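Single-structure report; data block below.
This is a predicted model, so every value here is computed, not measured. Worth knowing before you read on, the calculation uses all heavy atoms, side chains too, and leaves out hydrogens, waters and symmetry mates. Every chain is numbered from 1, with letters handed out A, B, ... down the list of sequences.
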Amino acid sequence: MIDIKLLREDTDRIRSAIATKKFHCDLDTVLGLDASRREKITEAERARAAQKAANTEMAGLVKGSPEFLEKVKEMKEMAAQAKDLEADAKAADAAFQAAFLEIPNLPDSSVPVGKGENDNVVASTWGDAEAAFPHALPHFDIPWFESRIDFARGVKATGAGFPFYVGEMSRLVRALVNFFLQEAQANGYEEVLPPIVVNAESATATGQLPDKEGQMYVDENEGLYLIPTAEVPVTNFYRDEILEAGQLPICRCAYTPCFRREAGSWGAHVRGLNRLHQFDKVELVKWTDAESSMEELEKLRENVEGTLQKLELPYRVLRMCTGDIGFPHAKQYDLEVFAAGQKRWLEVSSCSNFTDFQARRAGIRYRNADGKLITAHTLNGSGLAVPRVLAALLENNLQADGRVKVPECLQYWMRQSYVGECH
RNA sequence: GGAGAAGUGGCUGAGUGGCCGAAAGCGCUUCUUUGCUAAAGAAGUGAACCUCAAAAGGGUUCCGCGGGUUCGAAUCCCGCCUUCUCCGCCA
């Protein structure tokens, strides 16, 4: 959530900033709820204070004496009134909180203004997407593809979008995960292995709830959600904690499977590995102070770019425009690799600064040099998501003989130069 | 899953209906003493929200969480969560 003081004091600026994002919210309603909430709280507190004062007075009286009993009678009414006012205040506060939670984060001033994905700006490209990939095919058209990444068996076991990776494809996934983790560690991110189901509080803190409830798989019995990204458990590691400024920035990485329902999004562009309900990803997460988060975002992006370069996959960096960045995002870069078979750019990483938006929801603060409590900033980025990297790798590295060349950086785990040998 | 016990401030821990936001100790901060360190002494030492132009000040809430009883709850009652012990099950 944003800083309520900002909203009260600088409403017009907030209004115009949010108007550039794709989320709708009624600031006037929120401000109205805020005003009535405060009024009711003040009223309730005044009643409670009066009651307390009278009570203290009463503590001095002899129990059971006539004046005591008289006073009790009086106090009954007072107490009932205070209780009612308190209930009103509580309801008003809850109404405000619910509405307040619907306000998206403000885009940073450096974010290009735009309506949607066509207004994103290509910040840079690496490698040569125009190069000849004479043998490239869409990965799902490679003759052996369906026997090594088996969607049909996945349908049988689970449903669409849950493939089996068989044999060397399974090992290749594992190699990618290991490589990503090794890169993250080399860049100073400490590895954690988090829970892959989370409770509602965690999902609310990072912004999946209340808005994107339909995107997650839920265990109704336990009230737990399968994580759509490791961002959720990892960011919540420090929920409701106070950090020391000297600890920051804290950099963590985590490998997890990710689960996304992606309801209603099946079609031509989601064949094969392009979009799955379950996929593997290494996530990078940072907690920083309020001053350095934008700087840290650039470093985060550079770290991910370095990993893509070692994989020798052509990629481009998009500066996402105001109309295309997410609900809790202040600034976002998307990294897309070029898949030469499909002749498409595939998003493999999203590097984002959430400023204090998630941390305020999550109660993550730090003590600065003056001993003051400041809301921390949180950032994260995929580093990287496996299936689309794998898709691009299969397509771009496809040889004339139908085999796929394994990049040098994966040799430590794969120990073979090619996959997809014909048997 | 069954039986029992427990959850108090940064930590240990006292507190069984009003004088308790909470004893005491530890820790931490500042000061004094000191050649330095140690030791000793003194003072201070949570958070959220409301009020206030701001600061100061004032107020409300917070003793696992949520309800209830009562004029009044850390203290009594109910539900839940978590931890520990024992039993069962189990990678």
Next item on the list: Report the residue (A/Thr56 or A/Ala44) whose heavy-atom-nearest nucleotide on RNA chain B is the more 5′ of the two.
Entry: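 Closest to the 5' end, via its nearest nucleotide, is A/Thr56.
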Next item on the list: Specify the residue among A/Ile242 and A/Arg37 whose closest nucleotide of RNA chain B lies further upstream toward the 5′ end.
Entry: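 Result of the comparison: A/Ile242.
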If I take atom [atom1] in residue [X] and atom [atom2] in nucleotide [N], what distance separates them, rounded to the nearest angstrom?
X        : N     : atom1 : atom2 : result
A/Lys5   : B/A53 : NZ    : P     : 14 Å
A/Arg365 : B/G46 : CZ    : P     : 14 Å
A/Arg367 : B/C28 : CZ    : P     : 15 Å

Note to self: Against A/Val285, only a single residue in A/Thr378, A/Val234, A/Thr229 fulfils side chain to side chain contact (heavy atoms under 4.5 Å, CB included); can you say which?
What the structure shows: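 Between A/Val285 and the candidates, side chain to side chain contact (heavy atoms under 4.5 Å, CB included) is satisfied uniquely by A/Val234.
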Distances for protein N or O near nucleotides 54-59 of chain B N or O, under 3.5 Å:
| unit_1 | atom_1 | unit_2 | atom_2 | d |
| --- | --- | --- | --- | --- |
| B/G59 | N2 | A/Glu45 | OE1 | 3.0 |
| B/G59 | N2 | A/Glu45 | OE2 | 3.1 |

Next item on the list: Represent RNA chain B in dot-bracket notation, 5' to 3'. Only Watson-Crick or G-U wobble pairs with both distances under 3.5 Å count; pseudoknot-style crossings use [ ] and interstrand partners use |.
Entry: ((((((((.[[[..)..(.....]]]((((((.......))))))((((((.....)))))).[[[[[..)....]]]]])))))))....
Check: How would you label the contact of A/Leu373 with the nucleic acid (heavy atoms, under 4.0 Å): base, sugar-phosphate, or nothing?
Finding: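 Answer is sugar-phosphate: A/Leu373 comes under 4.0 Å of backbone atoms only.
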Note to self: Check this one for me: any side-chain N or O of A/Arg8 less than 4.0 Å away from OP1 or OP2 of B/C50?
What the structure shows: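 For B/C50, OP1 or OP2 has a side-chain N or O of A/Arg8 closer than 4.0 Å.
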Notebook entry, point to check: Below 4.0 angstrom from OP1 or OP2 of B/C49, is there any side-chain N or O of A/Arg38?
Noted result: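 False: A/Arg38 side-chain N/O out of range (4.0 Å or more) of B/C49 OP1/OP2.
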Next item on the list: Applying side chain to side chain contact (heavy atoms under 4.5 Å, CB included), name anything that partners A/Val197, two or more places apart in sequence or on another chain.
Entry: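 Residues passing side chain to side chain contact (heavy atoms under 4.5 Å, CB included) with A/Val197: A/Leu224, A/Leu226.
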Please table the atom pairs, donor to acceptor, closer than 3.5 Å between any side-chain atom in residues 72-80 of chain A and protein atoms at least two apart or in another chain.
none

Next item on the list: Please test A/Glu283 against A/Thr256 for side chain to side chain donor-acceptor pair (under 3.5 Å), starting from the C-alpha separation and ending with a verdict.
Entry: CA-CA 8 Å; A/Glu283 185 74 3; A/Thr256 67; over 6 Å; no
Check: How does each nucleotide of nucleotides 66-73 of chain B score, in 5' to 3' order, for protein heavy atoms under 4.0 Å: base (B), sugar-phosphate only (S), or none (-)?
Finding: -S-S-BS-
Check: Relative to A/Phe164, does A/Arg153 satisfy both conditions: NZ or CZ under 6.0 angstrom from the six-membered ring centre, and within 45 degrees of the ring's axis?
Finding: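 No; the conditions do not both hold, so A/Arg153 does not lie above the ring face of A/Phe164.
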Margin query: Test: side chain to side chain donor-acceptor pair (under 3.5 Å). Region: residues 91-103 of chain A. Which pairs qualify, not counting sequence neighbours?
Written below: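 Found A/Arg37-A/Asp93.
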Check: How far does the C1' atom of B/C71 sit from the matching atom of B/C63, given to the nearest Å?
Finding: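 Roughly 23 Å separates the two C1' atoms.
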